[in-house]
Protein chains: 2
Amino acid sequence: MNNKEKLRNAGLRPTKQRMIVADILLNGFNRHFTAENLQDEINSSGNSMSIATVYNCLKKFKNCGLIKQVETSKDTAIFDTNTDYHHHFLNEETGELIDIENEEISLHKIPEIPQGYLNNGIEVIIKLKRHN
Amino acid sequence: MNNKEKLRNAGLRPTKQRMIVADILLNGFNRHFTAENLQDEINSSGNSMSIATVYNCLKKFKNCGLIKQVETSKDTAIFDTNTDYHHHFLNEETGELIDIENEEISLHKIPEIPQGYLNNGIEVIIKLKRHN
DNA sequence: AAGTAGTTTAGAACGGTTTTAAAGTAAAAA
DNA sequence: TTTTTACTTTAAAACCGTTCTAAACTACTT
């Protein structure tokens, strides 16, 4: 399926800007990135885009499930093109994230979900510290 | 051990402001809170404190291990007086956190830690969605 | 009591993100 | 087609949580 179809299937109009973003993000290679990272990449690809559009686009992509946002307490939002159920190593000093495939972790026991709620996904973060 | 001793043991001068914060936070009842929550609570206890001091104080408390900061992608930093190794339920709509005791989760298998790094703690987040 | 190192403060600055409102564009209707 | 309509993009301003600045203050040491 090409990117235009991916956008349409997700219910998004395939505008010029969204196609530029899709071409960068939805190429089969997974990555973690910030809004600023993405804008830089757009610029160095010879295109340009308002930062507001970058954010709008990321929000739409996220709501459609085309990308994910990672849970970290960093001050900048980090996005992930890997939308599969998976986990992360987090280098707390640098903020760097490394994917952990779902199969590499097994949760043996989980607590009862509170009344009135559903389990909407589990994220495991293994914090890393440089070894000296 | 009283709060003055706790601060001294942590290597912090027990200033008037830090004692006010310690009296609120280190009373044996665990809670999650933001800097703003804390300032409100200080105000309604008849005291007052500059927001800069609230942040300074939280940073010092955190660096000394008197409190923790929780990993969430919320735009506001969330702190936790529970410094024991534990996990969280996260209501993504409201940002509300609920503690999960360490014993309530068992991680059966974890991946190999990347070369040059040490495992510096694992955080499990179970995201919740309201059940309709 | 005097000195000094650390702390608090108001207000400014900062940085990531969102809003605004006007111009532009894609899709639907005529 | 052309027109209409709804959606999108944009630069710039606003926003908001957090940090910085530098002057006043305070806890501790001498």
Side-chain angles (χ1 to χ4, degrees), chain A residues 2-24 32-43 45 47-64 66-79 94-95, chain B residues 2-24 32-43 45 47-64 66-80 95:
Chain A
N2 65 31
N3 287 337
K4 196 169 230 169
E5 288 171 325
K6 279 185 200 162
L7 292 178
R8 283 204 200 281
N9 283 358
L12 296 178
R13 262 190 205 177
T15 63
K16 178 166 162 276
Q17 288 80 356
R18 285 179 189 154
M19 285 301 292
I20 292 169
V21 172
D23 288 344
I24 292 175
H32 303 109
F33 62 97
T34 65
E36 208 191 341
N37 294 158
L38 179 58
Q39 197 186 30
D40 289 349
E41 218 167 325
I42 290 165
N43 289 337
S45 78
N47 294 291
S48 80
M49 204 174 295
S50 155
I51 191 65
T53 305
V54 174
Y55 277 107
N56 286 344
C57 193
L58 289 175
K59 188 177 281 179
K60 291 277 187 183
F61 275 38
K62 178 183 161 190
N63 290 342
C64 295
L66 291 172
I67 61 174
K68 265 186 168 184
Q69 185 171 358
V70 185
E71 293 292 334
T72 78
S73 52
K74 301 278 308 171
D75 46 6
T76 309
I78 298 175
F79 297 91
T94 64
Chain B
N2 64 31
N3 287 338
K4 197 168 233 170
E5 289 171 324
K6 280 185 200 162
L7 292 177
R8 283 202 200 284
N9 284 357
L12 297 178
R13 264 193 203 174
T15 64
K16 178 167 162 277
Q17 288 79 356
R18 286 179 187 154
M19 286 300 293
I20 291 169
V21 172
D23 287 345
I24 291 175
H32 303 109
F33 61 97
T34 65
E36 207 191 341
N37 293 158
L38 179 57
Q39 196 185 32
D40 289 349
E41 217 167 327
I42 291 165
N43 288 338
S45 78
N47 294 290
S48 79
M49 205 172 299
S50 155
I51 191 65
T53 304
V54 174
Y55 278 107
N56 288 343
C57 193
L58 289 175
K59 188 179 280 178
K60 292 275 186 184
F61 276 38
K62 177 184 162 189
N63 290 343
C64 295
L66 292 171
I67 62 173
K68 267 185 165 182
Q69 187 173 354
V70 185
E71 295 292 334
T72 79
S73 52
K74 298 279 307 172
D75 47 5
T76 310
I78 298 174
F79 298 90
D80 193 342

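Naming convention: chains lettered A, B, ... in sequence-line order (proteins, then strands); numbering from 1 in each chain.
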For residues Ala10(B) and Cys64(B), report the shortest heavy-atom separation together with the two atoms involved. O-SG, 3.4 Å
Thr53(A) side chain to Asn56(A) side chain, donor-acceptor N/O pair below 3.5 angstrom: no
Starting from C1' on dA12(C), measure out to CD1 on Ile51(B) and report it in whole angstrom. 15 Å
Distance in Å, Met49(B) CE paired with Ile20(B) CD1, rounded so as to fall on 0.5 Å steps: 4.0 Å
Got a second to check how far Lys6(B)'s NZ is from Leu12(B)'s CG, nearest 0.5 Å? 13.0 Å
Separation of Glu36(A) atom CD from dC14(C) atom P, in whole Å? 16 Å
Separation of dG17(D) P from Lys74(B) NZ (nearest whole Å): 11 Å
Judged by each residue's nearest nucleotide on DNA chain D, which is more toward the 5′ side, Thr34(B) or Ser50(A)? Ser50(A)
Enumerate the residues from residues 5-18 of chain B whose closest heavy atom to DNA chain D is under 4.0 Å, giving them by residue number; use none for an empty result. Arg8(B), Arg13(B), Pro14(B)
Hey, is the side chain of Lys60(A) poking within less than 4.0 Å of OP1 or OP2 on dT8(D), counting only N and O atoms? yes
What is the distance, rounded to the nearest whole Å, between atom NZ of Lys59(A) and atom C1' of dC7(D)? 16 Å
Roughly how many Å is it from CE in Met19(B) to C1' in dC28(D), rounded to a whole number? 16 Å
Check whether any side-chain heavy atom of Val21(A) lies under 4.5 Å from a side-chain heavy atom of Val54(A), and answer yes or no. no
Mind calculating the distance between OH (Tyr55(B)) and C1' (dA12(C)) to the nearest angstrom? 16 Å
Starting at CG of Asn56(A) and ending at C1' of dT20(C), how long is that distance when rounded to a whole Å? 12 Å
Mind checking side chain to side chain contact (heavy atoms under 4.5 Å, CB included) for Glu41(A) and listing every partner two or more places apart, or none if nothing turns up? Ile24(A), Arg31(A)
Touch check for Thr76(A), heavy atoms < 4.0 angstrom, all strands: base, sugar-phosphate only, or nothing? sugar-phosphate
Go through dT17(C), dC20(D), dT18(D) for me and flag the one nearest to the Ala35(A) side chain. dT17(C)
Whole-Å distance between dA27(C) P and Lys4(A) NZ? 7 Å
